[in-house]
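Structure record follows, encoded as structure tokens.
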Amino acid sequence: MCGIIGYVGSADATPILIDGLRKLEYRGYDSAGVALLDGHGLQVRKRAGRISNLAQLLQEQPVQGTTGIGHTRWATHGGVTDANAHPHLDQSGKLALIHNGVIENFQALRDQLTAQGHTFRTETDTEVLAHLIGGIFDDLPGARNKTTLLEALRAALKQVSGTYGLALMHVDVPGVILAARRGSPLILGIGKGEHFVVSDVSAIIGHTRDVVYLDDYDLVTIERDCFDITSLAGAGTHFQVSKVEFTSEDAEKGDFPHFMLKEIFEQPESTRDAMRGRLSDQESTAKLGGLNMTSRELRDIERIVLTGCGTAFHAALVGEYLIESLAHLPVECEFASEFRYRNMPMEKGTLVFAISQSGETIDTLAALRESKRKGHRTLGICNNVGSTLARESDGGVYMHAGPEIGVAATKSFTSQITVLVLLALLLGRIRHLSSAQGIEVIQALETVPDKIRQVLGEAENIKYLAEKYADAAGFLFFGRQQNYPIALEGALKLKEISYKFAEGHPSAELKHGIIALVGPEVPSVMIMPDDAVFEKNVNTLEQIKAREGMVIAIATEGRKDLAKVVDDIIYIPKCPDYIAPILSAIPLQLFAYYLAVHLGCDVDKPRNLAKSVTVE
Ligand code: G6P
């Protein structure tokens with residue numbers, strides 16, 4: 001949600017900023033801008049629309065400088081206009097600022113500053129922040145240097161409520177960028193004779209892989225040859241330099257036309273990486289050392305709460321079925337956005353898992369904090385190493401899926417489910433699962449990458465079906481038990497990237513209202529692999545067919561009988577129930593992808609969405 005990048009070094013900052021913004025574009029893409037400091041002052045270029053619009057503007061009106069900041073926006077306060085794009089200037093026009101987050105008391109601050117004679121040119125909360133900091137700096141007596149600019153920033157932020165990951169620079173303090181974080185991700189990149197601040201490492205891995213994941217209330221000063229981190233309170237702060245594990249190629253599309261397709265096709269490897277080193281044949285269980293819990297502590301768990309947003313929430317719902325059936329532990333799932341404001345009674349033995357690809361979703365972080373505040377052990381399942389979730393949780397499991405750039409989550413979903421199978425196995429083996437049953441689960445897990453490859457082999461057939469049904473008015477998705485969340489996820493993928501109306505439901509709910517929507521113009525996708533409820537799903541399917549509804553079935557290979565009843569069928573390999581959600585999710589990802597491409601939609605950057613929602 002909004003991408004920010006700042007650069008100080010000796011190279012021309014413009015191409016570095018533009019390249020970085022292209023990598024950050026998935027965080028928000030309704031407008032973009034840069035500000036550079038050259039020997040003569042501040043130069044700002046910004047434009048509504050994609051980064052390519054900004055790049056075009058920069059060709060027409062080039063700027064140069066070795067200190068610069070850049071921003072790609074996902075609008076919160078103020079419409080999508082050139083003026084509302086970042087960077088924003090202060091009253092003097094000498095301070096430029098970019099910001100990701102929401103300043104909650106911006107209206108009160110704006111009124112106060114207006115009364116002092118400030119004139120605002122935009123409707124954004126960010127412009128208020130720029131004026132506040134710039135005003136304080138202008139009123140400070142004495143020298144105008146990085147120390148006093150930092151003092152002004154610190155004084156301003158003490159008046160601010162809300163969230164920010166921000167970076168700023170000032171004409172009177174050349175060669176310096178100040179940045180601050182509270183609630184929105186911010187990372188310091190340490191190069192040779194150059195330093196960066198960014199909201200996501202993918203924007204700088206072509207330049208450096210040495211980074212510091214900044215904490216809330218950290219303030220950082222970067223210059224060409226040095227950096228300094230202090231806290232908002234004024235003290236020095238402890239920090240650690242980390243190495244980014246993935247390479248710049250991992251964050252490129254390669255030969256694929258879209259990141260989404262590349263990421264769908266990476267799932268044999270990404271699920272393998274989620275299991276790597278975590279399966280113990282000897283003990284017939286999963287080893288998840290990052291949980292930081294002893295067997296006894298795991299044994300004492302009486303209930304699990306899983307929370308997350310969007311696709312991560314759907315993975316949580318799958319986890320509910322898996323943990324209940326393999327480990328016989330009560331599980332409750334709750335949207336993180338609801339959890340944070342709900343006063344859910346939670347007994348002492350409750351273990352909370354926050355699930356998030358990015359580890360930066362603000363609602364999920366708020367749920368984590370609320371749970372910790374109540375004294376519960378709170379763990380994370382996340383992909384983004386060094387993310388806020390990873391750092392604030394009491395432990396957890398990394399998905400190791402590699403960077404996911406496509407806005408619609410795909411490989412992160414199947415990795416989350418894989419991790420949840422591992423968790424269910426571990427908890428099950430501590431309770432009632434025998435060693436032989438544990439081995440069965442391990443063997444089934446080991447077949448997953450190959451089975452995914454087999455499903456991916458259906459891509460051409462799925463493309464054909466997506467194009468065949470592309471004119472439908474809307475879609476219904478049905479599944480039962482652990483495949484009910486897959487119905488939700490299939491509908492979500494389609495909505496997100498094709499803008500088709502779609503809903504997911506438990507199959508048997510059809511007759512309780514949804515059936516009114518069934519007709520030739522609204523096809524149904526039925527997820528109905530061979531399992532205990534297969535025949536029940538057939539009932540639902542017959543009810544749809546009786547009302548002239550078209551049906552596409554996701555079924556187990558060999559179900560030739562079904563092919564005669566449904567309109568179209570996509571086969572997945574035979575597998576145990578706890579593996580089926582991983583395999584049945586993939587055809588639905590491909591279906592949504594090909595349908596959206598057919599309709600000419602921008603699948604990697606769907607309208608109105610952002611990859612990681614870091615505002616409430
Ligand atoms: C946004 C994205 C979704 C994603 C959700 C949770 O809404 O558009 O695709 O599932 O955030 O993201 P997280 O990073 O917490 O998994």
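In listed order, ligands and their atoms are each counted from 1.
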### Message
I need the single residue from Arg181, Arg391, Arg182 that forms a salt bridge (charged side-chain N to carboxylate O under 4.0 Å, His left out) with Asp215. Which is it?
### Response
Arg391
### Message
Would His314 and Phe413 count as a ring-ring contact (aromatic ring centres under 6.0 Å, His included) here? Give the steps.
### Response
CA-CA 8 Å; His314 295 159; Phe413 181 60; 7.0 Å; no
## Note on the structure
The closest protein heavy-atom partner of atom 7 (O) of ligand 1 is Val613 CG2, 3.8 Å
### Query
Salt bridge check: are Glu332 and Arg342 linked by an N-O gap of less than 4.0 Å?
yes
### Query
Are any side-chain N or O atoms of Ser507 and backbone N or O atoms of Gly479, one a donor and one an acceptor, separated by less than 3.5 Å?
yes
### Query
Where on Glu496 is there a heavy atom closer than 4.0 Å to ligand 1, on the side chain, on the backbone, on both, or on neither?
side chain
### Shortest protein contact, atom 12 (O) of ligand 1 (heavy atom only)
Thr361 OG1, 3.4 Å
### Summary
A student checking ligand 1 against Val407 at a 4.0 Å heavy-atom cut-off should list atoms 9 (O)
### Query
In terms of residue, atom name and distance, what is the protein heavy atom nearest to atom 8 (O) of ligand 1?
Ala610 O, 3.1 Å
### Query
Strictly under 4.0 Å, does any heavy atom of Gly308 approach an atom of ligand 1?
no
### Query
What is the closest protein heavy atom to atom 10 (O) of ligand 1, and at what distance does it sit?
Thr311 N, 3.0 Å
#### Entry: Min heavy-atom dist Leu609 to ligand 1 below 4.0 Å
no
### Task
Distance to 0.1 Å, residue and atom name: give those for the protein heavy atom nearest to atom 14 (O) of ligand 1.
Ser358 OG, 2.6 Å
### Task
Look only at interatomic distance and state if Gln357 has a nitrogen or oxygen under 3.5 Å from any nitrogen or oxygen of ligand 1.
yes
#### Entry: Residue and atom name of the nearest protein heavy atom (relative to atom 11 (O) of ligand 1), distance in Å to one decimal
Lys611 O, 3.8 Å
#### Entry: 4.5 Å side-chain heavy-atom contact, Asn100 and Trp74
no
### Task
Compare all side-chain heavy atoms of Arg50 with those of Asp602 and state whether any distance is below 4.5 angstrom.
yes
### Query
Which ligand 1 atoms, with their elements, are less than 4.0 angstrom from a heavy-atom of Ala312?
16 (O)
### Query
Got Thr350 and Lys374 here, is their nearest side-chain heavy-atom distance under 4.5 Å?
no
### Task
Return yes if some donor-acceptor pair links the side-chain N/O of Lys493 with the main-chain N/O of Ala409 below 3.5 Å, else return no.
yes
### Query
What class does the angle between the rings of Phe475 and Phe591 fall in, given that below 30° is parallel, 30 to 60° is tilted and above 60° is perpendicular?
perpendicular
### Message
Counting non-hydrogen protein atoms only, what is the nearest one to atom 6 (C) of ligand 1? Give residue, atom name and distance.
### Response
Cys309 O, 3.3 Å
